[in-house]
Amino acid sequence: MYLLEIKCLSKHFGGIRAIEDISFSVQDGPILSIIGPNGAGKTTLFNCLTGFIRPTRGGITLRQKSITGISADRISRLGISRTFQNIRLFREMTVIENIMVAQHARIRSGLLAAVLRLPGFKKEELAVRQKSFEYLELLGLETLAGKTAGSLAYGIQRKIEIARALATGADVLLLDEPTAGMNPQETDDMMVTIKNLKKLGKTILLIEHDMKVVMGISDRIIVLDHGVKIAEGPPKEIKSNPMVIEAYLGKEIQ
Amino acid sequence: MSIVVALWLSLLFLPFKGLKAASVLFVVLTVAIPLMKLVSVLMRKALPHLETAAGLLPRDKRYLYVLLVPVLLVPFVGEDYVVDVAVLSGIYIILALGLNVVVGYTGLLNLGFVAYYAIGAYSYALLNTRLGIGFWTALPASVVLTTLAGFLLAVPALRLKGDYLAIVTLGFGEIVRLVLNNWDSFTRGPNGISGIAPPSLAGAVIGKISHYYYLVIFFVILSFFIMRRVEDSKIGRAWIAIREDGIASSAMGINTMLYKLYSVAFGAFWAGLAGCLFAAKMRFVSPESFTFMESVLILCMVIIGGIGSVAGVIIGAVVLVFLPEVLRDAQMYRMLAVGCGLVFLMVFRPQGLFGRKDVSLGN
């Protein structure tokens, strides 16, 4: 039984075929990397999976339930969460508030409970706050809880985004270029972080350009080029695949 | 920069006081503005010290209740005129707090907020004069009606974002006013509705201005507490998250459209309440009280106090109601002075007196 299945997924923007007939399945647990040159359709694929754009054709199923074309907030509640290529934190909120927002869907107390400060509300708020600290601890961010998110360093912000995605309670995490713009030290740090997420039992889909990261932590790699899947396999196979080399470096002139 | 501001302001004064006064003002301002800048720089340097000092105060903010004492004593020490203005500012505080939910928390610019104020006021006026329903029964009915109106107007409008949304809300504000103005058989058009009954409490009619004052203060305190509590709950967090980043909010499982609707309806709720209090105090309503300028005034209260800050909005409302009254001696200069004050504030403190965030129309 597959956790996530993508069947013949296509997305066309007018005449442009951003992704065309992509199929693959993901089992529980592994780190799956999606690589390809710029404009290959990687982010479009993520946007389809998380409900931000509606695919033109094809289907997506999560635990055998179709999630094709349903809204982003519902997909998030069903257990797929993501980070963004260009960081999208709630910049004016504190770090802990960012994490608390992510637990929105799990909080039951409504308006009346909040206004009357019923005991249930207080208990729940406290639990959410504690849980948020735990998520921050997982990523080593607990000392920054009270800081305004937008004021922190770039690498830290990327980590907060991951903590926030994790805090939604999702089983599947989609990370869009988590090491973009990082120095080698921060990149190594991020690799460890991603491996830790796998240990927590999360399934990770990763868009990444840094080949050291991709080859270092992926269990499986999917290669896209011009919206089409051209290869799929473990890192070793992908490295020596002539089609992949061609897509990245171009054909040798004879 | 400061010379441009000085020049602009003195040119504004030119038609009123002639060239001599304007040039004096220009010279004064060219000196005063850099000085003010210096003061603000010094203030910023002193800020960390002030914050440590504030950290020494007890964490429990309950000592702030002491502030209530002078507020409650106003009718005993102030003249009726002062109390009257205070009642008006109380009504505006409720309005501004309501608009703050929509503009400040959720980041939806609403330029037609007065529409809800009008609906609240007319609901009470009509329920009372036509059906003879008393204040305490009509109040919840009017508030519910206004909240529903908020929902209904928001459903189509919320498909738009930023400036476009602002324009549509402006249109709604005008539509409501025009309907009130022209539906003679129902609203009595520009003549307005008079003879609205004052509220009564436990058999006694609330007729004296000091009684109104306590009635309004009760609702101001109520709105203050409810606002603070909603802000510090999943609903308030969702609103602020939507303001900060709508896309990220939906990725966090927040149904952004639904929470925007809640926000507009919750804002309308307070506008309806304020409208009711206004109609009960004036005992007369007419479309003239609900013009676009009124929407702008409420928005100014939210902005000068500091967008998104409950305490700031309250101070903004009080300042903008009292300032024109205090400046009444200056006759025709007073609106000019209020305008100048606003310009100064926007130049030197664009985030408002207590706000953290700059005012912007975008996103």
Side-chain angles (χ1 to χ4, degrees), chain A residues 46-47 50-52 71-84 86-94 96-118 121-122 124-125 128-129 148-151 161 164-165 167-170 174 176, chain B residues 51 55 59 101 104-107 147 221-263 265-267 269-270 306-309 351 355-360 362-363:
Chain A
F46 266 27
N47 283 340
T50 47
F52 284 98
S71 63
D73 55 293
R74 279 182 63 200
I75 288 186
S76 165
R77 293 198 290 272
L78 286 172
I80 301 182
S81 190
R82 69 175 293 180
T83 66
F84 295 88
N86 45 338
I87 303 172
R88 283 182 173 277
L89 285 176
F90 307 122
R91 298 176 58 87
E92 292 280 324
M93 297 174 104
T94 60
I96 189 122
E97 281 169 344
N98 268 272
I99 311 297
M100 287 171 83
V101 168
Q103 295 171 68
H104 174 89
R106 278 184 278 155
I107 302 175
R108 307 199 92 84
S109 309
L111 183 67
L112 203 64
V115 169
L116 300 177
R117 297 276 134 144
L118 298 178
F121 171 85
K122 284 186 184 168
E124 198 172 28
E125 282 293 295
V128 167
R129 202 166 271 275
T148 310
S151 69
E161 251 207 330
R164 193 179 65 172
T168 62
L174 276 59
D176 199 344
Chain B
E51 272 171 6
R59 276 192 61 118
V101 172
Y105 296 160
T106 323
T147 311
I221 293 172
L222 186 75
S223 63
F224 176 80
F225 273 101
I226 293 183
M227 216 57 89
R228 290 293 293 266
R229 290 180 164 193
V230 172
E231 183 188 353
D232 188 22
S233 78
K234 93 171 200 178
I235 300 166
R237 284 195 297 267
W239 285 337
I240 296 169
I242 289 170
R243 176 190 79 199
E244 293 293 311
D245 195 318
I247 288 178
S249 307
S250 50
M252 294 303 116
I254 296 169
N255 185 339
T256 51
M257 188 50 95
L258 190 68
Y259 274 83
K260 282 181 186 174
L261 273 174
Y262 285 165
S263 155
F266 193 63
F269 175 94
W270 295 108
I307 255 180
S309 145
Q351 67 273 54
R356 284 192 304 180
K357 201 174 151 60
D358 286 0
V359 182
S360 83
N363 306 316

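A note on names: the letters A, B, ... follow the listed sequences, proteins ahead of strands, and every chain is numbered from 1.
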**Asked** Which bit of B:I235 is near chain A, if near means a heavy-atom gap under 4.5 Å: side chain, backbone, both or neither?
**Response** side chain
**Asked** Considering only heavy atoms, which portion of A:T83 lies under 4.5 Å from any heavy atom of chain B: side chain, backbone, both, or neither?
**Response** neither
**Asked** To the nearest 0.5 Å, how far apart are NZ in B:K234 and CZ in A:R108?
**Response** 8.5 Å
**Item:** Proximity breakdown for A:R106 and chain B, heavy-atom pairs closer than 4.5 Å
**Value:** neither
**Message:** Using only atom types and a distance under 3.5 Å, with no angle test, would you say the side chain of A:S76 pairs donor to acceptor with the backbone of B:A251?
**Reply:** yes
**Complete:** To the nearest 0.5 Å, atom CG of A:L111 lies from atom CZ of B:F266 at 6.0 Å
**Prompt:** How many angstroms lie between atom CZ of A:R117 and atom CG of B:D232, to the nearest 0.5 angstrom?
**Reply:** 5.0 Å
**Fill in**
Ranking A:R74, A:E125, A:Q103, A:R82 by heavy-atom pairs under 4.5 Å to chain B gives rank one to A:E125
**Request:** Search all heavy atoms of B:R229 against all heavy atoms of A:A114 and return the closest pair with its distance.
**Result:** CB-O, 3.6 Å
**Fill in**
To the nearest 0.5 Å, atom CG of A:D73 lies from atom CG of B:N255 at 4.5 Å
**Interface moiety of A:T50 toward chain B, non-hydrogen atoms closer than 4.5 Å** = neither
**Asked** How many angstroms lie between CZ in A:F90 and CZ in B:R243, if you round to the nearest 0.5 Å?
**Response** 11.5 Å
**Asked** Side chain, backbone, both or neither: which part of A:I75 has an atom under 4.5 Å from a heavy atom of chain B?
**Response** neither
**Value rounded to 0.5 Å, distance of CD in B:E244 from CG in A:N98** = 8.5 Å
**Prompt:** Would a distance-only check, ignoring hydrogens and angles, find a side-chain to backbone donor-acceptor pair under 3.5 Å from A:R77 to B:G253?
**Reply:** yes
**Close side-chain approach of A:H104 to B:R237, heavy-atom, < 4.5 Å** = no
**Request:** Just give me the residue among B:D245, B:I240, B:T256 that pairs up with chain A most often, heavy atom to heavy atom, under 4.5 Å.
**Result:** B:D245
**Prompt:** Which pair of non-hydrogen atoms, one from A:S81 and one from B:M252, has the smallest distance, and what is that distance?
**Reply:** OG-CE, 4.5 Å
**Request:** Test side chain to side chain contact (heavy atoms under 4.5 Å, CB included) on A:F52 and B:I247 and set out the steps.
**Result:** CA-CA 8 Å; A:F52 284 98; B:I247 288 178; 3.4 Å; yes
